[in-house]
Colleague: 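Okay, handing you the structure first.
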Number of protein chains: 2
Amino acid sequence: MIARRVTHPSIQIIPLAGLPEIAPGDDLSRLIAEAVKKQDLRVAEGDLFVVAQKIVSKAEGRIIRLDSIQPSKRAEQWAAEYQKDARVIELVLSEASRIVRMERGVIVAETQHGFVCANAGVDVSNAPEGTAILLPDDADRSARALQTRLEENFGVHVAVIISDSFGRPWREGLVNVALGVAGIAPLVDYRGKRDASGKTLQATVIARADELAAAAELVMGKIDRVPVAIVRGVASREESGSGRDLIRPAATDIFR
Amino acid sequence: MIARRVTHPSIQIIPLAGLPEIAPGDDLSRLIAEAVKKQDLRVAEGDLFVVAQKIVSKAEGRIIRLDSIQPSKRAEQWAAEYQKDARVIELVLSEASRIVRMERGVIVAETQHGFVCANAGVDVSNAPEGTAILLPDDADRSARALQTRLEENFGVHVAVIISDSFGRPWREGLVNVALGVAGIAPLVDYRGKRDASGKTLQATVIARADELAAAAELVMGKIDRVPVAIVRGVASREESGSGRDLIRPAATDIFR
């Protein structure tokens with residue numbers, strides 16, 4: 001779903017602290033609800049929960065023991081050349097549906113979900129010793145499940161974005177983007193609208209869900225265990241959408 | 001400058017309404033100060049002003065009359081093939097220092113400043129009839145000048161980001177990024193820090209200025225003439241930096 005433009009008053013971004021270390025099988029919605037209570041927050045109609053992919057993956061058990069991995073020859077060679085762990089490289093290659101770049105020690109790959117990112121989303125930071133963490137199997141499904149449980153809990157319409165930090169070509173640094181989306185339109189369409197001088201705008205579709213994920217990162221510490229932020233009052237009950245809406249189809253991608 | 005990590009409490013993003021249509025020679029800092037007053041806002045220490053590139057360019061007179069442009073043969077051919085204005089295409093080609101992609105009617109080019117974006121930053125939307133708008137000559141200089149004047153006016157430390165909407169490979173929609181930066185560190189470096197499990201983080205540098213630009217877009221209407229937003233309390237007096245810090249050098253760019 002693509003939203004027609006929405007005018008916003010001020011936006012507030014609130015870090016949610018006090019979540020414990022997450023383990024497979026944990027009930028994230030319950031832990032989030034407890035953290036909200038501990039922090040004495042009132043969840044309001046239209047609040048958006050931005051949740052770091054890492055804790056979703058952990059709760060869903062997307063943790064792979066590296067000693068269970070048998071590296072291929074290709075993984076061994078690459079790992080030797082760039083001082084990497086061959087088992088991690090093997091995992092990256094097996095998670096990739098398409099290698100976009102593999103040079104100078106960097107692997108950028110398309111995942112089976114269609115995301116293009118470093119190491120096909122395989123991550124060893126913030127992972128238990130001797131393990132690697134994979135992206136959620138279906139981040140939209142994860143987002144929808146969280147949304148349902150959080151709405152039951154708080155009795156208001158909320159939206160959920162599962163976010164991760166991605167690099168970009170040509171620019172330094174990572175920015176957070178939206179992998180999974182529930183209860184909010186990920187794109188805002190200004191096309192057909194007129195600008196201030198009365199001219200029709202041509203090609204302006206804004207990736208609002210990615211901007212919301214980026215905004216939430218500003219209060220989410222990589223170190224301080226703040227894997228959830230609430231963006232206040234940005235979602236409306238009529239909205240829906242999927243993280244897939246943010247993935248450019250191969251047919252219109254001039255950077256394949 | 002690269003900041004070591006900063007822990008944030010809640011962040012507030014406030015749209016600044018009531019700016020008039022901007023014309024060459026306008027004093028942006030004065031108009032912003034007047035809009036702040038009209039809106040009954042109090043500017044606080046550490047406030048960040050995110051300002052749309054479009055109004056900076058207009059104030060600086062970066063407006064080109066299209067009837068002053070003599071299209072080249074190459075521009076004529078491309079324009080004919082894709083039903084574009086040959087004079088605009090000529091302008092795009094002359095603003096480009098390097099063509100990254102030129103196919104299916106889309107031109108992605110590196111500008112003389114090093115930004116890689118659609119149409120080398122040349123824009124006809126929200127431009128006076130018969131004109132096109134170019135990027136600021138030096139967006140960092142524009143940001144610094146605005147910062148100096150706003151600090152004089154408000155008597156507190158403020159930061160400034162000049163932002164523009166850029167597309168990205170592989171993902172749908174535009175997101176706002178930082179072109180010019182003053183008074184805030186554009187990158188936050190988590191490298192060498194330990195994650196929650198005590199492991200050293202490897203490669204996490206966050207493009208905070210781009211995330212701040214994206215966050216500000218959430219309240220900046222393309223139609224409603226909200227070309228400025230204030231992000232409350234994110235900049236500290238010790239910080240500095242340049243939009244150039246966000247441009248990946250050719251030597252380390254695997255997507256050239």
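So you know, we letter chains A, B, ... as the sequences are listed, proteins then strands, and number each from 1.
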Colleague: Between A:Arg101, A:Arg256, A:Arg248, which residue shows the highest count of heavy-atom pairs closer than 4.5 Å to chain B?
Modeller: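 Ranked by contacts with chain B, first place is A:Arg248.
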Colleague: How about CZ on B:Arg244, more than 12 heavy atoms from neighbouring residues, nucleotides or ligands closer than 6.0 Å, or not?
Modeller: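 For B:Arg244, atom CZ is not crowded (no more than 12 foreign heavy atoms under 6.0 Å).
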Colleague: Measuring from atom CD1 of A:Ile247 to atom CH2 of B:Trp170, what distance do you get when rounded to the nearest 0.5 angstrom?
Modeller: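 Output value for this atom pair is 13.0 Å.
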Colleague: Is a side-chain donor or acceptor of A:Arg208 paired with a backbone partner of B:Gly173 at a separation under 3.5 angstrom?
Modeller: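 No, because the side chain of A:Arg208 does not come within donor-acceptor range (under 3.5 Å) of the backbone of B:Gly173.
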Colleague: Sort by residue number and list every member of residues 104-114 of chain B having a non-hydrogen atom under 4.5 Å from chain A.
Modeller: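 Hits under 4.5 Å: B:Arg104, B:Val106, B:Val108.
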Colleague: Most heavy-atom pairs under 4.5 angstrom with chain B, which of A:Pro169, A:Ala215, A:Ala118?
Modeller: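 Of A:Pro169, A:Ala215, A:Ala118, A:Pro169 has the most heavy-atom pairs under 4.5 Å with chain B.
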Colleague: Looking at A:Phe115, is its backbone amide N or carbonyl O close enough to the side chain of B:Arg171 to form a donor-acceptor pair, meaning the two atoms are under 3.5 Å apart?
Modeller: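 Looks like no, no N/O pair under 3.5 Å.
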Colleague: When only pairs under 4.5 Å are counted, which of B:Ile13, B:Thr252, B:Val177 shares the most heavy-atom pairs with chain A?
Modeller: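 Most heavy-atom pairs under 4.5 Å with chain A: B:Ile13.
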Colleague: A:Glu172 side chain to B:Leu187 main-chain N or O, any donor-acceptor pair under 3.5 Å?
Modeller: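 Checking the backbone N and O of B:Leu187 against the side chain of A:Glu172, no donor-acceptor pair under 3.5 Å is found.
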Colleague: State the CG-CG distance between B:Leu174 and A:Asp210, to the nearest 0.5 angstrom.
Modeller: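 Going from the CG atom of B:Leu174 to the CG atom of A:Asp210 covers 11.0 Å.
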Colleague: Is B:Glu217 reaching over with its side chain to a backbone N or O of A:Glu211, donor-acceptor style, under 3.5 angstrom?
Modeller: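 No, because the side chain of B:Glu217 does not come within donor-acceptor range (under 3.5 Å) of the backbone of A:Glu211.
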Colleague: Of the backbone (N, CA, C, O) and the side chain (C-beta and beyond), which part of B:Val231 lies under 4.5 Å from a heavy atom of chain A, both, or neither?
Modeller: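 No part of it gets close to chain A.
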Colleague: How about A:Arg98: does its CZ atom have over 12 heavy atoms from other parts shown lying under 6.0 Å from it?
Modeller: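 Atom CZ in A:Arg98 is crowded, with more than 12 foreign heavy atoms closer than 6.0 Å.
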Colleague: Could you state the interatomic distance from CG (B:Leu218) to CD1 (A:Ile206), rounded to the nearest 0.5 Å?
Modeller: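 It comes to 9.5 Å.
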Colleague: Looking at CD1 of A:Ile230 and OG of B:Ser10, how far apart are the two atoms once the value is rounded to the nearest 0.5 Å?
Modeller: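 Rounded to the nearest 0.5 Å, the CD1-OG separation comes to 9.0 Å.
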Colleague: So what's closer than 4.5 Å to chain B heavy atoms on A:Leu212: side chain, backbone, both or neither?
Modeller: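 Both the backbone and the side chain of A:Leu212 come within 4.5 Å of chain B.
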Colleague: Under a 4.5 Å cutoff for heavy-atom pairs, which residue among B:Val175, B:Leu246, B:Ile14 has the most contacts with chain A?
Modeller: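 Most pairs with chain A among the choices: B:Leu246.
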Colleague: Could you grab the distance from atom CZ of B:Phe166 to atom CZ of A:Arg168, nearest 0.5 Å is fine?
Modeller: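 Reported to 0.5 Å precision, the distance equals 10.5 Å.
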